[in-house]
Amino acid sequence: MKQKFYITTPIYYVNASPHIGHSYTTIAADTMARFMRGALKKENVLFLTGTDEHGQKIQKAADEAGLSAQEFVDKVVVQFKGLWEKLNISYDDFIRTTQQRHIATVQRALQLLYDKKEIYSAKYEGWYCTPCEIFWTQTQLSDSLCPDCKRPLEKIREVNYFFKISAYQSWLIDYIKNNPRFIQPASRQEEVLSFLHINTLSDLCISRPTQRLSWGIPVPFSKEHVTYVWFDALINYISAVGGFDAKGDYVSGWWGDDTQIVHMIGKDILRQHAVYWPIILKALGIRMPDTICAHGWWLIDAAKMSKSVGNVVNPLEMVDKYGIDVYRYFLLKDVPFGLDGNFSEEAIVRRFNSDLANDLGNLLYRTLTMVEKYYQGAVPSPRNEIYDERITRIVACLAGLHRQIEDALTATTFNFSLALEKIWEPVSMANKYVEDAKPWNLAKEGKKEELEAFIRILVDVIRQVGHSLSPFMPQTASQIEAQIGKNKINKGQPLFPRIENTR
RNA sequence: CGCGGGGUGGAGCAGCCUGGUAGCUCAUUAGGCUCAUAACCUAAAGGUCGAGAGUUCAAAUCUCUCCCCCGCAACCA
């Protein structure tokens with residue numbers, strides 16, 4: 001494990017409000033960041049999120065809202081930050097592409113690439129739909145009408161700047177093959193490789209004429225152009241944590257060889273991150289990130305989430321209804337990371353009742369009751385002399401738990417659901433052990449020492465589980481800690497009261 | 001002949017790379033127990049692993065053919 005850990009979410013495009021997908025990526029990154037803060041020192045972890053604020057669609061959304069672009073993005077950013085606060089997202093830095101630190105780095109990067117002759121200007125030809133403000137290439141068209149609005153298109157010819165990514169295709173293929181951890185999960189790596197084998201990369205158009213779009217970062221070597229949003233956006237990962245020195249070398253405390261760099265993304269933007277981004281870095285002479293981790297999508301009642309269908313899930317509503325940690329738990333547990341998941345409230349309730357109420361919540365509450373009943377609320381002190389075989393097994397399970405979680409999260413593919421399964425193992429063992437130990441008999445028969453050892457191991461399980469849970473469910477972890485107390489319990493109410501079928 | 005993902009007990013999935021008694025969670029049923037949130041524990045029922053052919057002593061797993069479902073336009077994690 002490297003000394004430092006730098007994890008990012010994508011910077012979210014602020015032309016609309018955040019939805020379940022944004023919250024999923026961010027919760028996953030937050031959980032990793034929290035876990036790594038425990039594994040490394042807190043100050044050796046940096047968790048970055050932010051917003052992508054330039055481009056045509058934002059300008060259009062701003063126009064529709066009757067605001068200037070800047071006013072519009074300022075407004076939406078507040079929504080995102082509000083959601084992250086509500087979801088308990090522990091980001092260390094929040095970058096906006098309209099910030100000066102970002103603009104300066106993007107412009108410097110462009111100039112460096114231009115000086116290295118990695119960028120050239122060329123005439124660009126395409127079909128333009130003026131009402132939609134969208135460009136279409138010949139191959140996207142079946143007739144001469146706009147695929148979106150079915151209105152006639154206009155043939156436009158203009159000068160734009162292109163980045164020579166085609167020159168890097170074979171380098172990229174080799175790099176991906178030689179670094180199997182670069183794109184995760186492995187199935188995504190195959191996807192990218194097969195894409196690169198089948199297609200020949202064409203140079204990336206990285207500018208837009210100012211006459212058509214003014215809401216962007218000005219290209220330093222042309223007054224008539226602003227930067228294309230994707231080039232602008234990807235640079236955020238380096239502009240947030242460093243900059244170019246006078247010689248044009250990138251300098252950063254978070255991009256050295258001692259840092260593990262992870263970009264958490266959704267599968268829809270894999271192409272940009274696995275193809276464009278490495279090439280940009282390579283051309284600038286900057287090291288590659290360690291891992292690009294692309295997760296799947298959430299389907300809503302088995303259908304693709306879509307603004308036009310109107311089935312977009314608002315995370316705030318779910319959080320208000322079920323609670324932050326229940327929402328976090330559901331997203332991280334219900335689907336193996338990487339695959340598409342199916343979101344429904346029935347599924348949340350099912351998960352809630354079986355895992356949180358029946359298994360974990362019930363274990364905590366029955367234990368609290370026993371401590372209260374048999375020991376008047378005082379937590380028995382550790383007793384090592386009585387160990388039956390089952391206690392030994394539970395102790396071994398607890399001892400190995402941290403390692404198991406670490407393996408699930410770091411050794412393979414950010415397997416959150418597996419990590420949570422591991423945390424539930426001691427919970428289940430403890431619930432079984434209650435049946436075996438029959439504490440009510442121990443109490444009746446006056447077997448004081450056995451009873452104490454028994455209660456003590458339950459308390460140990462709960463403490464350890466609570467601690468292990470803290471990256472995933474931070475609030476729950478502290479609630480458990482508060483209820484089980486140090487020397488004296490604070491019984492309170494059941495942590496996750498079962499949701500009965502009320503429909 | 002476009003590309004990719006998938007089809008495993010009622011539901012959701014693992015297993016397939018590296019063939020060898022088909023496994024997990026939930027739901028169902030029966031029993032046990034009472035510390036506990038009708039919770040917990042134990043047990044049972046339930047599958048010709050999409051169809052067919054081939055390789056093999058042996059195929060969910062390898063090969064071939066076919067059938068069906070979902071993405072591959074936009075918003076967008």
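Below, chain A is the first sequence line, B the second, and so on; all start at residue 1.
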Atom P, compared across B:C24 and B:C68: separation rounded to whole Å | 34 Å
Under 4.0 angstrom, heavy atoms only, what part of the nucleic acid is A:D340 near: base, sugar-phosphate, or nothing?
-> nothing
To the nearest Å, give me how far apart CG (A:N342) and C1' (B:G5) are.
-> 15 Å
Could you state the NE2-C1' distance from A:H295 to B:A77, rounded to the nearest angstrom?
-> 5 Å
For B:C3, give its Watson-Crick or G-U wobble partner with both distances under 3.5 Å, or none.
-> B:G71
Can you tell me, in whole Å, how much space there is between the P of B:A38 and that of B:C49?
-> 41 Å
Rounded to the nearest Å, what distance is computed from the CH2 atom of residue A:W298 to the C1' atom of nucleotide B:A77?
-> 12 Å
Using the C1' atom in both, what is the distance from B:A60 to B:G23, to the nearest Å?
-> 12 Å
Passing candidate, ring-ring contact (aromatic ring centres under 6.0 Å, His included) with A:Y329, options A:F416, A:F472, A:W424 = A:W424
Over how many whole Å does the gap from A:Q493 atom CD to B:A36 atom C1' extend?
-> 14 Å
When we call it a touch if two heavy atoms are under 4.0 Å apart, what does A:I20 touch: a base, just sugar-phosphate, or nothing?
-> nothing
For B:U42, the nucleotide meeting Watson-Crick or G-U wobble distances (both under 3.5 Å) is B:A30
Between C1' of B:A74 and CD of A:Q56, the distance in whole Å = 14 Å
In whole angstroms, how far is the P atom of B:C76 from the CG atom of A:L299?
-> 18 Å
Taking the same atom, P, in B:A51 and in B:G10, what whole-Å distance lies between them?
-> 14 Å
Roughly how far apart, to the nearest Å, are B:C57 and B:C41 at atom C1'?
-> 44 Å
Looking for any heavy atom pair under 4.0 Å, which part of the strands does A:R350 touch: base, sugar-phosphate only, or nothing?
-> sugar-phosphate
A:K422 NZ - B:C24 P separation (whole Å) = 14 Å
Plane angle bin for A:H273 and A:Y237 - parallel if under 30°, tilted between 30 and 60°, otherwise perpendicular = tilted
Please assess A:E191 against A:R188 for the test salt bridge (Lys or Arg N to Asp or Glu O under 4.0 Å), listing each intermediate value before the final yes or no.
-> CA-CA 5 Å; A:E191 218 174 284; A:R188 300 283 170 215; 3.0 Å; yes
Select base, sugar-phosphate, or nothing to describe what A:N362 touches, counting heavy atoms under 4.0 Å on all strands.
-> base
Should the pair A:Y12 and A:F80 be assigned to parallel (<30°), tilted (30 to 60°) or perpendicular (>60°) ring geometry?
-> parallel
Give me the ring orientation class for A:F343 and A:W298: parallel if the planes are under 30° apart, tilted from 30 to 60°, perpendicular past 60°.
-> perpendicular
Give one of base, sugar-phosphate or nothing for A:I265, where a contact means two heavy atoms less than 4.0 Å apart.
-> sugar-phosphate
When rounded to the nearest Å, what value does the distance between P atoms of B:C64 and B:U18 take?
-> 15 Å
Could you state the OH-C1' distance from A:Y433 to B:C40, rounded to the nearest angstrom?
-> 16 Å
